[in-house]
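Following: one structure in structure tokens, then a few remarks.
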2 protein chains.
Amino acid sequence: MTTTAKISRRGPRRALTGDDILEAALSLLDEGGPAAASIRGIAAKVGVAPNAVYTYFPDKAAVVQAVVEHLLGQVNHAIVADENLPWTQRIEHLALDLRERLSAHPGAVSLMIGGPMDGPNALALNERLMEILVDSGLHPSDAARASYLLIVYVFGSIALEVAELGETRQARPEAERIAERRAGFSAIPAGTYPLSAAAASTMAAYVSTEQYVWGLHRVLAGIGGPPNPTELPPHR
Amino acid sequence: MTTTAKISRRGPRRALTGDDILEAALSLLDEGGPAAASIRGIAAKVGVAPNAVYTYFPDKAAVVQAVVEHLLGQVNHAIVADENLPWTQRIEHLALDLRERLSAHPGAVSLMIGGPMDGPNALALNERLMEILVDSGLHPSDAARASYLLIVYVFGSIALEVAELGETRQARPEAERIAERRAGFSAIPAGTYPLSAAAASTMAAYVSTEQYVWGLHRVLAGIGGPPNPTELPPHR
DNA sequence: CTTTCATCCTGTACGGCGTACAGTATTTGT
DNA sequence: ACAAATACTGTACGCCGTACAGGATGAAAG
């Protein structure tokens with residue numbers, strides 16, 4: 001999607017492209033988290049003086065924003081659409097794929113929720129969700145609301161997940177992490193937090209694929225359910 | 001909840017309390033966002049040398065974590081419980097109150113989702129949600145899952161909201177903001193994003209109390225609905 | 001072909017950050 | 001009265017983002 005404009009300028013040729021910088025930033029982000037993705041670090045990685053970066057981006061905020069858009073675009077492009085499946089499964093596929101691909105760059109997740117996220121690729125994701133929802137028969141304005149609800153759920157889940165697991169990638173088995181967490185939760189005082197203490201085992205698995213799809217299913221059920229159920233769905 | 005231990009030490013008396021630092025940090029956070037809440041800024045605000053802060057907290061991360069816990073505790077304490085209302089309304093009250101009180105400190109929101117959020121006050125919030133959910137008849141383990149879903153929704157919403165509105169408080173009427181956003185969205189190319197362009201008016205109100213409760217109602221409906229609805233709730 | 005000049009990149013520098021280290025003043029226990 | 005422990009200050013180091021000035025480059029203008 002990066003259109004090579006190829007306009008001829010008047011000075012020396014550029015040693016870099018904007019994408020070089022973005023990819024360098026992204027790899028630094030993956031290795032050392034947001035702290036490592038400094039202007040000076042990026043410049044060193046691509047082999048120029050620190051302030052050479054300002055030829056391509058006006059300031060660091062612009063770099064960050066571009067990195068987010070870059071990542072969002074490549075993720076968005078990598079996820080294939082499953083036409084002619086039930087809408088719930090289409091969204092589930094999309095949501096699971098999003099989680100997997102975004103969690104691969106945990107350092108970037110903090111940056112996403114640190115800015116407006118209103119670039120074209122964010123819009124494309126919204127469009128994509130709305131397509132499925134309108135296809136399912138929802139009125140466009142409800143589809144828009146539902147799309148945002150899904151975005152909140154997906155990005156909220158991933159953000160909390162990254163907050164819990166840290167901003168640099170760690171390839172540890174999920175079961176191991178959960179077991180460790182369960183051990184920590186066994187110390188919850190049952191006197192002050194009786195319900196949490198009783199559900200410690202479930203809470204240990206808060207950050208897991210299973211919990212993610214569980215919550216997603218509830219959200220989908222809420223979206224697909226009757227239009228005004230909250231007035232009286234008495235306690236289960 | 002801050003237990004004054006009053007143990008006598010051997011050196012000079014402390015000029016500050018830990019809470020002095022936390023409140024200074026919080027007010028700086030409100031005035032100038034996370035960037036303003038620097039160790040040096042906090043120290044200047046309470047009238048000591050920068051490194052005097054390290055008498056009370058080992059490093060900046062500890063200060064941040066303590067600020068989050070502090071805020072979470074005071075918010076948690078300020079929200080009054082409405083017993084003997086339907087569980088959906090009890091949660092709605094809680095969720096609306098949480099949003100209002102946390103949005104009052106937008107600079108702190110970025111810090112919350114930047115760390116694990118597993119302190120006692122976070123646990124207390126979980127306990128509180130679980131109380132309502134178990135009361136409504138949910139099995140404890142499902143209540144735990146539902147509690148986390150709600151936490152994801154509430155904090156995810158607020159995080160995206162802050163990302164959109166900025167990290168320093170702004171007392172502008174909601175309607176004005178939305179109108180401005182709608183004007184910006186009118187430029188969406190209907191060729192590439194037809195559905196988004198058609199729903200631009202709804203999307204302009206993504207960050208609003210109305211959208212927040214709309215999404216919350218769907219989530220509540222999903223929680224209160226049948227246990228396995230996603231297998232076949234065909235397109236509406 | 002030569003000159004002009006916009007442009008890219010570098011070197012240097014400034015102010016701010018977190019925080020490590022050493023020193024000094026203050027209070028308590030012996 | 002003295003010693004030990006503690007709170008705070010002054011100073012300094014290595015990062016950070018980035019402003020500014022100067023030199024190399026190469027296309028456009030003469």
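Labels below follow one simple rule: chain letters A, B, ... track the order of the sequence lines, proteins then strands, and each chain is numbered from 1.
For A:Tyr153 and A:Tyr212, the ring centers sit closer than 6.0 Å to each other.
An OP1 or OP2 oxygen of D:dC8 is reached within less than 4.0 angstrom by a side-chain nitrogen or oxygen of B:Tyr56. The phosphate of D:dT6 (OP1 or OP2) has no side-chain N or O of B:Ser8 nearer than 4.0 angstrom. Side-chain N/O atoms of A:Thr55 include one lying less than 4.0 angstrom from OP1 or OP2 on C:dC9.
In this structure, A:Arg14 is positioned above the aromatic face of A:Tyr56, its NZ or CZ under 6.0 Å from the six-membered ring centre and within 45° of the axis.
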Which pairs, protein N/O on one side and nucleotides 2-4 of chain C N/O on the other, fall under 3.5 Å?
none

Atom pairs under 3.5 Å, N or O on each side, protein against nucleotides 17-19 of chain C: can you list them with distances?
{"unit_1": "C:dC17", "atom_1": "OP1", "unit_2": "B:Ser38", "atom_2": "OG", "d": "3.1"}
{"unit_1": "C:dG18", "atom_1": "OP1", "unit_2": "B:Ile39", "atom_2": "N", "d": "2.9"}
{"unit_1": "C:dG18", "atom_1": "OP1", "unit_2": "B:Lys60", "atom_2": "NZ", "d": "3.0"}
{"unit_1": "C:dG18", "atom_1": "OP2", "unit_2": "B:Ile39", "atom_2": "N", "d": "3.0"}
{"unit_1": "C:dG18", "atom_1": "OP2", "unit_2": "B:Arg40", "atom_2": "N", "d": "3.3"}
{"unit_1": "C:dG18", "atom_1": "N7", "unit_2": "B:Arg40", "atom_2": "NH1", "d": "2.5"}
{"unit_1": "C:dG18", "atom_1": "O6", "unit_2": "B:Arg40", "atom_2": "NH1", "d": "3.1"}
{"unit_1": "C:dT19", "atom_1": "OP2", "unit_2": "B:Tyr54", "atom_2": "OH", "d": "2.8"}
{"unit_1": "C:dT19", "atom_1": "OP2", "unit_2": "B:Lys60", "atom_2": "N", "d": "2.9"}
{"unit_1": "C:dT19", "atom_1": "O5'", "unit_2": "B:Tyr54", "atom_2": "OH", "d": "3.1"}
{"unit_1": "C:dT19", "atom_1": "O4", "unit_2": "B:Arg40", "atom_2": "NH1", "d": "3.3"}

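For A:Glu31 and A:Arg169, the salt-bridge test fails: no basic side-chain N is under 4.0 Å from an acidic carboxylate O. Using a cut-off of 4.0 Å between Lys/Arg side-chain N and Asp/Glu carboxylate O, B:Arg99 and B:Glu161 are scored as salt-bridged. For the pair B:Glu180 and B:Arg172, the salt-bridge criterion is met [side-chain N within less than 4.0 Å of a carboxylate O].
Residues B:Ala25 and B:Val67 approach most closely at CB-CG2, 3.7 Å, considering heavy atoms. Considering every non-hydrogen atom in both B:Ala49 and B:Ala43, the closest pair reads O-CB, 3.6 Å.
When heavy atoms are screened at a 4.0 angstrom cut-off, B:Phe57 is found touching no nucleic acid atom at all.
In this structure, the nucleotide among C:dC8, D:dA7, C:dT10 sitting nearest to the side chain of A:Pro12 is C:dC8. With distances taken from any side-chain atom of B:Arg9 to the nucleotides D:dT6, C:dC8, C:dC9, the minimum falls on D:dT6.
Partner of B:Met112 under the side-chain contact (heavy atoms from CB on, under 4.5 Å) criterion, chosen from B:Ile158, B:Val162, B:Leu71: B:Leu71.
Under the rule for a salt bridge (charged side-chain N to carboxylate O under 4.0 Å, His left out), A:Lys60 has no partner lying at least two apart in sequence or in another chain.
We find that CD1 of B:Ile21 is positioned 12 Å from C1' of D:dC8, with the value rounded to whole Å. We find that CD1 of A:Ile42 is positioned 10 Å from P of D:dC16, with the value rounded to whole Å.
In terms of position on DNA chain C, the residue among B:Gly11 and A:Ala52 whose nearest nucleotide sits closer to the 5' end is A:Ala52.
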